[in-house]
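Here's a structure for you.
Note that these values count all heavy atoms, side chains included, but never hydrogens, waters or copies made by symmetry. Within every chain, numbering begins at 1; the chains are lettered A, B, ... in the order of the sequence lines, protein sequences first and strands thereafter.
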Amino acid sequence: MNIFGLFERRVGEALGRLEAAGHIPAGLDTSRVLVEPPRETGHGDLATNAAMAIAKQAKANPRALAELIAADLRTDPRVSGVTVAGPGFINIALAPSTLHEVIRAALLDQHGFGRSGQGAGAAVNVENVSANPTGPMHVGHGRGAVFGDALANLLAFAGFAVTREYYVNDAGAQVDVLARSAFVRYREALGQDVGAIPEGLYPGDYLVPVGRALAEEFASTLLDRPEAEWLPTVRTRAIDAMMALIRDDLASLDIRHDVFFSERSLSGGATDEIRATIEGLRSRGLVYEGRLPPPKGQPPEDWEDREQTLFRATEFGDDIDRPLLKSDGAYTYFAADIAYHRSKFERGFASMIDVWGADHGGYVKRMRAAVKAVSGGDADLDVKLCQLVKLLRGGEPVKMSKRSGDFVTLREVVDEVGRDPVRFMMLFRKNDAPLDFDLAKVLEQSKDNPVFYVQYAHARVASVFRQASETSGFTPDREALAGADLSVLTDEAEIELERRIAQWPRLVEAAAAAHEPHRVAFFLYDLSGVFHALWNKGKDLPQLRFVKQGDERSTVARLALLGALRGVLASGLAILGVSAPDEMR
RNA sequence: GACUGCGUAGCUCAAUGGAUAGAGCGUUGCGCUUCGAACGCAAAGGUUGGGGGUUCGAGUCCCUCCGCGGUCGCCA
């Protein structure tokens, strides 16, 4: 039950009547008409810009128009008052019973309140993580992983059919390096003195078990073979081991993918998908042989002007055409990526979201161009870039890792502070803003730790229900709560909590539309603040306490309010992938 | 040089093109002597980096300049 959506339609009906009565012309563009919560609570429960949004088209005075709309809205029984303010805002005060209906709906449908048909079951592909299978995940990967997972949860909650996908970069030079690195560990496992890991190979000790497994499987049979013979086998074993490692890392954050898509499968199968993709584009005149100008500013020293195979990315908004073949004739990463995104389109995804690290920002335009090209303009790609995570402990930067040598692994952080703080804090910032993550702060049990603050709100609600049961033997079921007389909730702090709960469905829609899960985190933080404020008010004013012995009528009403709150907190935390504890010790 | 993200209170950050730009921390004042304080209430604190434009209305959109970061054919 989205009260804002209901009233958006209601305002539309009012405009229809004004049109029928000849007060405004027909065919106005009402797409900018919104019903939203007013910033100032003194302005009522809902506000609409309808008059201002159409005044100019209607060649009418916005305030006069607002009065006409207000007059219509005043006839609505769900409304207790309508005023016109400022340049033409229409402020609507809801009848208390209207707000109570929303609370009842939230209470009766704990898991469904806030869900919507917004997505209408449309298929959306969310690709995230896609870390190279060459080692454990680091903290930066973790941000993209959590962001993508929460975004997928959010979209599913908003009615989309979401597929979570991981693109495995199991082709290219880096996995050959991985294989060579594993081979060193293999020799080591066979007792050879390998000394320091050679420059250019992966030094991390996470490859030690891979070497051991190879020694166990192949004994010394690979030792004297030329690289070309052992590399494919070792590579496969090493990639599998690294993907197992990464899946474990992801599992520690409760992240799972529906599809792991292999880059190698694009060109290694029966048909070369990359080649097919390129030829398809070529047949439409979108691939040609040509020369690129060297980059301006500081040209690379090894720049070689040569003819190459180019994708006409400029046709679709990119700044320059992009090469598809390397000088040695192999496909560029971009060529494979075009084929990969074509595969997504052919698998039925007209809506794709890629979550990347900020260092790939220069890649966005060409990828969007490619998606337009391979889909004939029928698919849309949104790329969400996650900025760097700066890891701190008590304000001091954390740099080195014991395990990997040169970066802090995600696992180390999860092991130190736990899943919930990692997930919540990664989402308590816009994705495109850099993030400071303080390992000490996220474990504080205080108001300036948002993770604690929100989880504690949920635990406090549970504790009220426990207390009601323990002190009064009072354990109403959901139906009893839904039947409560909510009109006893008259304190401004209680009404404010009702208003916030009523805003949840609208928040979900806005966050889903914008692909911005952080809005859920901030909403929960604000909502928790309103609840904690009400709790504290009960400290000074005993009549506001949730459980009042001998006053079942107001107790049941307050428990109903808290039951609605608990549902919203639980739904929101579930979207973030953070647990909603019933107690915190 | 090009592209891209960012620039909001002392600090860290919010704000689908809406009204007097909001939170937390910090600061200041008051309260709380454990009965629901793992604090509460209140105050001070802003030219939203500068300038122009679009709009009834701009932190938000466009242009430009400044500052910080990222990226820049064949790495992924």
Listed nucleotide nearest any side-chain atom of A:N91, set B:A19, B:C74, B:C39
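So the side chain of A:N91 is nearest to B:A19.
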
For B:A19, does the base pair up with any side-chain atom of A:N49 as donor and acceptor (N or O, under 3.5 Å, distance only)?
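Side chain to base: no pair below 3.5 Å.
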
Classify A:L388 by what it touches in the nucleic acid, base, sugar-phosphate, or nothing, heavy-atom distance under 4.0 Å.
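If one applies the 4.0 Å heavy-atom cut-off, A:L388 turns out to touch nothing in the nucleic acid.
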
Assign A:E509 to base, sugar-phosphate, or nothing according to its heavy-atom contacts below 4.0 angstrom with the strands shown.
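No contact.
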
Going by side-chain hydrogen bond (donor to acceptor under 3.5 Å, both in side chains), A:D354 matches just one of A:R368, A:H341, A:K384, A:H360. Which one?
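So the option named by the test is A:H341.
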
If we take the P atom in both B:G7 and B:U48, what is their distance in whole Å?
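Between the two P atoms, the distance is 14 Å.
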
What nucleotide, of B:A14, B:C39, B:C3, holds the atom closest to the side chain of A:K430?
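Among the listed nucleotides, the one closest to the side chain of A:K430 is B:A14.
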
Do any side-chain nitrogens or oxygens of A:H518 fall under 4.0 Å of OP1 or OP2 in B:A15?
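Indeed, a polar side-chain atom of A:H518 lies that close.
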
With both distances under 3.5 angstrom, what nucleotide forms a Watson-Crick or G-U wobble pair with B:G45?
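Check on B:G45: unpaired, no WC or wobble geometry under 3.5 Å.
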
Nearest of B:C56, B:G36, B:G73 to any side-chain atom of A:R306?
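Nearest nucleotide to the side chain: B:G73.
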
Could one point to a donor on the side chain of A:Y525 or the base of B:A14 with an acceptor on the other under 3.5 Å away?
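In this structure, the two groups form no donor-acceptor pair.
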
Closest to the A:F89 side chain: B:A76, B:G18, B:U55?
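Ranking B:A76, B:G18, B:U55 by closest atom to the A:F89 side chain puts B:G18 first.
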
May I ask you to say what A:A358 touches in the nucleic acid, namely base, sugar-phosphate or nothing, with a heavy-atom cut-off under 4.0 Å?
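Here A:A358 touches the backbone only, sparing every base.
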
May I ask you to say what A:R429 touches in the nucleic acid, namely base, sugar-phosphate or nothing, with a heavy-atom cut-off under 4.0 Å?
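Sugar-phosphate contact only - A:R429 comes under 4.0 Å of backbone atoms but never of a base.
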
Proximity to the side chain of A:A47 - top-ranked nucleotide from B:C39, B:A19, B:C56:
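Out of B:C39, B:A19, B:C56, the nucleotide with an atom closest to A:A47's side chain is B:A19.
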
The side chain of A:N169 lies closest to which of these nucleotides: B:A19, B:A14, B:A76?
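So the nucleotide nearest the side chain must be B:A76.
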
Identify whether any heavy atom of A:F428 sits under 4.0 Å from a base atom; if not, whether one sits that close to sugar-phosphate; answer base, sugar-phosphate or nothing.
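Here A:F428 touches no strand at all.
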
Have a look at A:D359 and say if it touches a base, only the backbone sugar-phosphate, or nothing, with a 4.0 Å heavy-atom cut-off.
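If one applies the 4.0 Å heavy-atom cut-off, A:D359 turns out to touch the sugar-phosphate alone, with no base involved.
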
Identify whether NZ of Lys or CZ of Arg in A:R282 sits under 6.0 Å from the centre of the six-membered ring of A:F311 and within 45° of that ring's axis.
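No - A:R282 does not lie over the ring of A:F311 by the 6.0 Å and 45° rule.
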
Would you classify A:E444 as touching base, sugar-phosphate or nothing, given that sugar-phosphate means primed atoms plus P, OP1 and OP2, and contacts are heavy atoms under 4.0 Å?
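It contacts nothing in the nucleic acid.
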
Atom pair CG/NZ of A:D29 and A:K56 - distance to nearest 0.5 Å
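Here the interatomic distance stands at 13.5 Å.
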
Hey, does A:K344 have a side-chain heavy atom less than 4.5 Å from the side chain of A:E127?
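SC-SC contact between A:E127 and A:K344 confirmed.
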
Does A:A55 reach a base, just sugar-phosphate, or nothing at all? Heavy atoms under 4.0 Å.
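No contact at all - A:A55 keeps every heavy atom at 4.0 Å or more from the nucleic acid.
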
Say whether, by atom type as modelled, one donor and one acceptor occur between the side chain of A:D318 and the main chain of A:A369 under 3.5 angstrom.
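A pair under 3.5 Å: no.
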
Can a cation-pi geometry be assigned to A:R558 and A:F546, taking NZ or CZ under 6.0 Å from the six-membered ring centre and within 45° of the ring axis?
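Pair A:R558/A:F546 does not count as cation-pi.
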
Counting only side-chain nitrogens and oxygens, does A:K365 get under 4.0 Å of the OP1 or OP2 atom of B:U4?
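Yes, because at least one side-chain N or O of A:K365 sits under 4.0 Å from OP1 or OP2 of B:U4.
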
Side chain of A:A85, heavy atoms from C-beta onward: which of B:G36, B:G5, B:A19 has the nearest atom to it?
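When the side chain of A:A85 is considered, B:A19 is the closest of B:G36, B:G5, B:A19.
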
Sticking with atom C1', work out how far B:A21 lies from B:U33, rounded to a whole angstrom.
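That atom pair is separated by 40 Å.
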
With a 3.5 Å cut-off and just heavy-atom distances, do the side chain of A:R32 and the base of B:G57 make a donor-acceptor pair?
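Check passes, donor-acceptor contact within cut-off.
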
Flag, side chain of A:R466 to backbone of A:D582, donor-acceptor distance under 3.5 Å
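Here the side-chain-to-backbone pair exists.
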
Heavy atoms only, 4.0 Å cut-off, all strands: where does A:A513 land among base, sugar-phosphate and nothing?
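The residue A:A513 makes no contact with any strand.
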
Of the nucleotides B:C39, B:A14, B:A76, which one has an atom closest to the side chain of A:N536?
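So the side chain of A:N536 is nearest to B:C39.
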
With centres under 5.5 Å and planes under 30°, do A:F522 and B:A14 count as stacked?
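Not stacked: fails the 5.5 Å / 30° test.
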
What distance, rounded to whole Å, do you find between the two C1' atoms, one in B:G57 and one in B:C75?
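Nearest-Å result for B:G57 against B:C75 at atom C1': 49 Å.
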
Separation between the C1' atoms of B:U16 and B:C61, rounded to whole Å
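Those two atoms are separated by 13 Å.
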
Name the nucleic acid region contacted by A:P434, choosing base, sugar-phosphate or nothing; use a 4.0 angstrom heavy-atom cut-off, strictly under.
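Sugar-phosphate, no base atom in range.
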
Whole-Å P distance, B:G18 and B:G31
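42 Å, rounded to whole Å.
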
Is a donor on one side and an acceptor on the other found under 3.5 Å between the side chain of A:E315 and the backbone of A:R312?
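Side chain of A:E315 to backbone of A:R312, a donor-acceptor pair under 3.5 Å: no, none is there.
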
Given that A:T332 and A:F452 both sit by RNA chain B, which one's nearest nucleotide is further toward the 5' end?
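First, find each residue's nearest nucleotide; the 5'-ward one identifies A:F452.
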
Among B:G36, B:U16, B:A14, which is the nearest nucleotide to the side chain of A:R506?
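So the side chain of A:R506 is nearest to B:U16.
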
Find which nucleotide of RNA chain B each of A:D328 and A:H532 is nearest to by heavy atoms, and output the residue with the more 5' nucleotide.
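In this pair, the answer is A:H532.
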
Taking only the side-chain heavy atoms of A:E36 (C-beta and beyond), determine which of B:A76, B:G18, B:A38 contains the nearest atom.
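In terms of side-chain proximity for A:E36, the closest of B:A76, B:G18, B:A38 is B:G18.
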
Need one value for A:R322: base, sugar-phosphate or nothing, where a base atom within 4.0 Å counts as base even if backbone is also close, heavy atoms only.
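It contacts nothing in the nucleic acid.
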
Hey, does A:P323 reach any base, or is it just sugar-phosphate, or nothing, if we go heavy atoms under 4.0 Å?
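The answer is sugar-phosphate, as A:P323 gets under 4.0 Å only of primed atoms, P, OP1 or OP2.
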
Taking B:U47 as the reference, what is the distance to B:U8 when you measure between their P atoms (whole Å, please)?
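Comparing P positions in B:U8 and B:U47 gives a spacing of 12 Å.
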
